[in-house]
There are 2 protein chains.
Amino acid sequence: MTTTGDTRARILTAATELFRRQGYAATGMKQIVATAEAPYGSAYHFFPGGKAQLGEEVVRTSGAAYLALIGELFGEDAGTDPVEATREAFLGAAATLESLDFADPCPIATVALEVASTHEGLRRATAEVFASWIDALAGSYASRGIGSARATATSVIALLEGAFMLGRANRSPEPVLTAASAAAAIVAGALRN
Amino acid sequence: MTTTGDTRARILTAATELFRRQGYAATGMKQIVATAEAPYGSAYHFFPGGKAQLGEEVVRTSGAAYLALIGELFGEDAGTDPVEATREAFLGAAATLESLDFADPCPIATVALEVASTHEGLRRATAEVFASWIDALAGSYASRGIGSARATATSVIALLEGAFMLGRANRSPEPVLTAASAAAAIVAGALRN
DNA sequence: GTCTATATTAGGATAGAC
DNA sequence: GTCTATCCTAATATAGAC
């Protein structure tokens, strides 16, 4: 039994952490392997497609992890009021933002903006991840009687991402806390239709 | 009369365009001067602080331009219904997104995420620009009878930024169009309080 | 198959000719 | 004061020793 799996995982974890903090372009492969305490060659051994492949795996892996989180927060067992579940999710996100010392709680946001016009493969990966989150959230909303569930989910995710942006720029959780009420209002409004 | 003013302005314009499309880190000084059709040395002649100074001027200049746009869209002469003014602003932004071929309609968003944890001077510049937009929008909302005007404005700006992110990732104006209704709902909800 | 050393290109920045 | 040539570092990626 080797430590192969560990090394690959460490590189992926280090890349996720650095991309969320600095973005894709500003993060070098050398910095990634140094953070992962892995030899330089291992990066290209495990990710022969280089930085682009690593970026895509980071996006898809973190995307799946966050999809699971949405399942926990909005799944069948998670209380029945979608308005309060939404508000609670934003309050938790505000706390996460602060606990990360204002690194992006969303590990793909910075990368998504950076690559949208320049790296088609990565752009598609981010689009698919966002779509998976919106689908999951919309499913939860629909099952709780919200009419335009997909539109509502799209707006709630957008509001969360934008609130992260303002919170990071201000080094303050306040925009995310403020957005919690607005998100609740969006969902409450959709519930009445 | 020299062409000095032109060259400096061309460099600033080129940097703005490239930063909005590729971000700060992925854009090189050489690419900026090539796009501006300016000699390489001019960049450091006009911006002795190098790329960081150029980045900060891009943020502040575009920030001021967008502040003026908010003034046009939400100023005294711009119709009295803040709900419809907000909706119209989002519909216009969706059209802009498409007309830019899905470059970011917000020239500072990508930079803001990239530098938030790494370049303190630039981070402050983005924070001040966001604050200026929120202040202006909140002033308009307050004058039209919205109680928690600053919170409302914060959420509307966040929603717009997040909708741009989803729209760029999807190469579609749909998230911004969808967010138009949610933004209207946020403002309408605040109007009732 | 793990890792070191290097190839190659591009990065930001500067010196100095004109 | 405009612009060209260059410096030095760091980028991604690869070759090949062990």
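When reading the values below, keep in mind they use all heavy atoms of this one structure, side chains included, and skip hydrogens, waters and symmetry mates.
A:Q31 contributes atom CD, which lies 5.0 Å from atom CG of A:L18 (distance to the nearest 0.5 angstrom).
Residues satisfying the side chain to side chain contact (heavy atoms under 4.5 Å, CB included) criterion with B:A109, sequence neighbours excluded, are A:L113, A:M165, B:D104, B:C106, B:E161.
Residue A:R8 contributes atom CZ, which lies 18 Å from atom C1' of C:dC3 at whole-angstrom precision. For the pair B:D6 CG and D:dC3 P, the computed distance is 12 Å after rounding to whole Å. Atom CZ in B:F47 sits about 18 Å away from atom C1' in C:dT14, given to the nearest Å. We find that CD1 of A:I32 is positioned 18 Å from C1' of C:dC3, with the value rounded to whole Å.
With respect to the salt-bridge test (charged N to carboxylate O, under 4.0 angstrom), the residues B:E56 and B:R124 do not qualify.
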#### Entry: Sequence-aligned protein contact record of nucleotides 4-18 of chain D, with B where the base is within under 4.0 Å of a protein heavy atom and S where only the sugar-phosphate is
BB-----BBBB----
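The aromatic rings of B:Y141 and B:F74 stand perpendicular to each other, their planes meeting at an angle above 60°, with 30° marking the opposite boundary.
Taking 4.5 Å as the limit, some side-chain heavy atom of A:R171 sits within range of a side-chain heavy atom of A:D101.
In this structure, A:H45 reaches the C:dT2 phosphate: one of its side-chain N or O atoms is under 4.0 Å from OP1 or OP2.
Cluster partners of A:L91, by chain and number: A:L177. The rule joins Ile, Leu, Val, Met, Phe, Trp and Tyr whenever side-chain heavy atoms lie under 4.5 Å apart.
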